[in-house]
Amino acid sequence: MDDMRNTSAPLYGKAEPATTKTTMSVREMRQLLGLGKTDSYWLLHKNLFEVILINDKRRIVISSFEKWYANQVKYHKVNGSPPGEELCKRSYSVPDAAEILKVKPETIYTLIRQGKLKTETADFCMRIPKEDFERWYRSQSRYRTAADRERDREIEAQTISIPEMAKLLGIPRKNVYGILDCKKYRDCFVIERMADRPRITKKSFKAWLKSQSTYQLQKPKKKRMRSRR
């Protein structure tokens with residue numbers, strides 16, 4: 001075939017020794033993947049792996065075939081290891097990303113359309129590079145992994161948010177930031193971060209409250225009972 005690679009390897013024109021099998025025939029490749037003739041020759045035309053001539057017959061270099069196999073997920077060996085080992089190490093499929101965040105695949109496609117998640121294409125399959133996914137994940141707080149949700153619950157139980165502290169003291173939120181930045185009180189608070197937002201540990205808040213007399217907890221307002229006519 002005109003577009004096949006014809007190399008001048010030492011084995012060119014000679015029968016390949018059985019003890020050092022480094023290539024396979026097109027037929028062997030076809031059987032390995034469970035393909036018909038048309039599909040197997042279509043793969044050859046794509047130049048996805050290295051093909052050489054031995055005794056005027058096309059042979060597929062096994063190492064290049066395995067490299068291609070490990071970087072795609074469309075074709076599966078009839079008996080053998082699953083495809084995409086290398087591809088899965090560096091990227092997620094849309095269902096993979098949806099499972100990580102416990103959302104529907106449609107949500108991931110929306111994030112992709114919005115330009116928030118970058119993608120690459122491998123054999124017509126859309127993939128999300130793991131580095132880009134992790135970078136996006138760290139930049140936002142709306143979507144959480146199961147592990148982070150569990151961690152968030154633990155942190156939330158032991159801390160209060162800035163708005164919660166403002167409500168407890170009956171002061172504006174900006175005043176809370178002033179307290180946290182104040183040199184006098186700065187070292188009193190232990191700050192945890194949840195989804196990139198600061199939260200004050202309840203223990204340090206109570207200790208600070210006892211150490212000063214300027215701010216006090218506000219008593220909750222009693223609800224008025226409506227009189228019945």
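Since the structure is predicted, the reported quantities are computational estimates derived from the model, not experimental observations.
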Identify, with sequence neighbours excluded, every residue that meets salt bridge (charged side-chain N to carboxylate O under 4.0 Å, His left out) alongside Glu99.
Lys102
Under the side chain to side chain donor-acceptor pair (under 3.5 Å) test, residues paired with Glu131 that sit two or more places apart:
none
Any side-chain heavy-atom pair from Leu44 and Val26 closer than 4.5 angstrom?
yes
Quick one: list whatever passes side chain to side chain donor-acceptor pair (under 3.5 Å) with Thr201, sequence neighbours left out.
Ser204
Arg173: which residues meet the side chain to side chain donor-acceptor pair (under 3.5 Å) condition with it, sequence neighbours left out?
none
With sequence neighbours left out, the residues meeting salt bridge (charged side-chain N to carboxylate O under 4.0 Å, His left out) with Asp132 are Arg135
To the nearest 0.5 Å, tell me how far Met29 CE sits from Thr23 OG1.
12.5 Å
Heavy-atom distance under 4.5 Å between the side chains of Pro129 and Glu120, does that happen here?
yes
Can you list the residues that meet the salt bridge (charged side-chain N to carboxylate O under 4.0 Å, His left out) rule with Arg149, with sequence neighbours excluded?
none
List for me each residue that meets ring pair (Phe, Tyr, Trp, His ring centres under 6.0 Å) alongside Phe65, sequence neighbours excluded, and say none if there are none.
Phe49, Trp68
Give the table of side-chain donor-acceptor pairs shorter than 3.5 Å for residues 176-191, with sequence neighbours excluded, one pair per line with atom names and distance.
unit_1, atom_1, unit_2, atom_2, d
Arg186, NE, Asp181, O, 3.3
Arg186, NH2, Asp181, O, 2.9

For Lys130 and Cys88 the tightest heavy-atom approach is NZ-O, 2.9 Å
Which atom of Arg127 lies closest to which atom of Ala122, heavy atoms considered
CG-CB, 4.3 Å
Would you call Glu28 and Lys21 a salt bridge, taking side-chain N to carboxylate O under 4.0 Å as the test?
yes
If you link I, L, V, M, F, W and Y whenever their side-chain heavy atoms are under 4.5 Å apart, who else ends up in the same group as Tyr92?
Val94, Ile100, Leu101, Val103, Ile108, Tyr109, Leu111, Ile112, Leu117, Met126, Ile128, Phe133, Trp136, Tyr137, Tyr143
Transitive ILVMFWY cluster of Leu87 at side-chain heavy atoms under 4.5 Å: who else is in it?
Val73
Under 3.5 Å, which donor-acceptor pairs link side chains of residues 154-161 to any protein atom two or more places apart or in another chain?
unit_1, atom_1, unit_2, atom_2, d
Thr159, OG1, Ile155, O, 2.6
Thr159, OG1, Arg199, NE, 2.7
Ser161, OG, Glu164, N, 3.2
Ser161, OG, Glu164, OE1, 3.3

Summary of salt bridge (charged side-chain N to carboxylate O under 4.0 Å, His left out) pairs that have at least one residue in residues 62-82, sequence neighbours excluded:
Glu66-Lys77
